[in-house]
Amino acid sequence: MELFELGIEGIKALLDKKEVTPHEVLDAFFARINAVEGKVSAYVTQTREKAYEMAASAEKAGNSGIKTLSGIPFAIKDNLCTKGIKTTCSSKMLENFIAPYESTVTERLSGAGGVFLGKTNLDEFAMGSSTENSAFFTTKNPWDLQRIPGGSSGGSAAAVAAGECAAALGSDTGGSIRQPAALCGVVGLKPTYGRVSRYGLVAFASSLDQIGPITKTVRDAAMVLNAIAGRDPMDSTSAPLPVPDFTKAAGMDVKGLRVGIPREYFIEGMDPEVEKAVKGAVAQLEAMGAIPVEVSLPHTGYAVAAYYILATSEASSNLARYDGVKYGFRAAGKDLLDTYMQTRAQGFGPEVKRRIMLGTYALSAGYYEAYYGRAQQVRTLIKRDFEEAFRVADIIATPTSPTAAFKIGEKSADPLQMYLSDIFTISINLAGLPGISIPCGFTGTGLPIGLQLIGRHFDEEMLIRAAYAYEQSTEWHKRRPALPSDNGADKGEGPKAL
Ligand code: GLN
């Protein structure tokens, strides 16, 4: 195996035994980036110089105390503020924006010794499911370069899958960590709302947004969560709860665990290969001693509609700040009003404009009760559905996405089709619950399929426990995409063969 194919645990083991240095680890990953980035296009910005500086200080500090991720190379979604490094949100509006402060998660990750390779591509302001809404370029799925990697954290998921980093951070408002993880054949964990501080995450829909890890294995996800979770005085919605050692849950058995299967999620018209893989995963959990139980989430059918009212309403308010005056792009207008209008007309892409208009309409006088008010009521009903289901189940299993990765351009002309691809992930954000996506099979044409596990509030340990047990009983997570390298440098130039 090549160094770049390893995840956190594998690299950490080599660093601990001093078989490699953080500098050599970086050489290996940058050589891999050189070799395949021209095809994958995962990164908006690469931070080589800074990465070597971070690796040098990781080397000096060693791996004692909180330095649990010392020398591990990470990719960071480009909607997380990094001081002194561009944070673009893949938008023309912030194309040259350099945040004057650091997000709490990146602060904590570098505090734990993590090294940052760069910032990854996303759908503009995290609005989308494919990275096709990026103002810069579309990221390609490493398993099939004609297909999308999912979104909005598509750059992060593709970078992990392609070996262009050991692990990454993403954000998830309606599925943006889990869906790209599923489509790229890696692990994506969306923590409970409030588990991880959102300070320094560029806001899309503040009552739904959460930050979490995208990794090659479940244990790696637990290690990242350990580093980034916990109360932060800079985010009043971060929960003042103790943070357990999540890695301890990896290794506990699943005997007697009740796995809920929601009746409403296995619908007619669902891709038969996805259905087969997910049902196979449930059967596998059962073979290990878990007990499948049928549950009902009766308001599932209203989730997409409610989400696209609430998320767009919050977005219309959050994005009001981009006026060409405070920061970011500014168009030259005739007067102040014209400057506002030109700035927003030229700075935002079509999907972001669509959402601002939809959200502004939903919040406008006379319509507020009919749209926003009702969507909030639906949100409460969805939350109650889960409360009921968790009376009889300890965890809920569903597909992450109704299909494997689709072709670039296949859904971009039809926003509704694109919105429907979020059907299995958005209810979890509406209810504020934690969810994880892990590889559970491949289609006949070799595209990865994801299993989603959903847990009770602040019970990420249960997710990690079940996900790890399943992962260890399969070989899916060991497969890597066969990427043609651009210049053959992934073998020769830098990385050490192990
Ligand atoms: N695909 C969903 C949307 O477009 C979710 C995006 C996200 O989680 N950031 O809103």
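Just so you know, these numbers use all the heavy atoms, side chains as well, and skip hydrogens, waters and symmetry mates. All ligand and atom numbering here is 1-based and tracks the order in the structure.
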Are Ser427 and Leu297 packed together at the side-chain level, in the sense that at least one heavy-atom pair is separated by less than 4.5 angstrom? no
Can you tell which part of Tyr419 has a heavy atom less than 4.0 Å from ligand 1: side chain, backbone, both or neither? neither
Per-atom contacts, ligand 1 versus Gly174 - under 4.0 Å to a heavy atom: 5 (C), 7 (C), 8 (O)
Reported CE-to-OG1 distance for the pair Met223 and Thr215, which is rounded to 0.5 angstrom: 10.5 Å
If the cut-off is 4.0 Å to any non-hydrogen atom of Tyr307, which atoms of ligand 1 fall inside it? 2 (C), 3 (C), 5 (C), 6 (C), 10 (O)
Identify the protein heavy atom lying closest to atom 6 (C) of ligand 1, giving its residue, its atom name and the separation to 0.1 Å. Ser176 OG, 2.9 Å
For atom 1 (N) of ligand 1, the protein heavy atom that lies nearest, with its residue and separation: Ser129 OG, 2.8 Å
Polar contacts were defined as any N/O atom of the residue lying under 3.5 Å from an N/O atom of the ligand; does this apply to Phe204 and ligand 1? no
Given Lys77, which of Ser90, Ser156, Ser153, Ser176 fulfils the side chain to side chain donor-acceptor pair (under 3.5 Å) condition? Ser153
Note the single closest protein heavy atom to atom 2 (C) of ligand 1, along with its residue, its atom name and the distance in Å. Asp422 OD2, 3.1 Å
Could you list the atoms of ligand 1 found under 4.0 angstrom from a heavy atom of Asp172? 8 (O)
Check: Phe97 ring centre within less than 6.0 Å of Tyr322 ring centre: no
With respect to atom 4 (O) of ligand 1, which of Arg355, Lys190, Gln210 exhibits the smallest heavy-atom separation? Arg355
Could you check if a side-chain atom of Ser316 sits within less than 4.5 angstrom of a side-chain atom of Arg355, using non-hydrogen atoms only? no
Would a 4.5 Å heavy-atom cut-off, applied to side chains only, mark Asn133 and Phe125 as touching? no
The atoms of ligand 1 lying under 4.0 Å from a heavy atom of Ala126, numbered in the order shown, are 6 (C), 7 (C), 9 (N)
Counting each atom of ligand 1 from 1 as listed, which ones have a heavy atom of Gly128 under 4.0 Å away? 1 (N), 2 (C), 3 (C), 4 (O), 6 (C)
Nearest non-hydrogen partners of Ser41 and Phe137, listed with the distance: O-CE1, 3.2 Å
Please walk me through it: do Ser91 and Val352 pass side chain to side chain contact (heavy atoms under 4.5 Å, CB included)? CA-CA 10 Å; Ser91 177; Val352 174; over 6 Å; no
Under 4.0 Å to a heavy atom of Ser152 - the qualifying atoms of ligand 1, by number: 9 (N)
Aromatic centroids of Tyr101 and Tyr199 separated by under 6.0 Å: yes
In ligand 1, the atoms that come under 4.0 Å of a heavy atom of Gly175 are 8 (O)
Protein contact to atom 3 (C) of ligand 1 [nearest heavy atom, distance to 0.1 Å]: Tyr308 OH, 3.2 Å
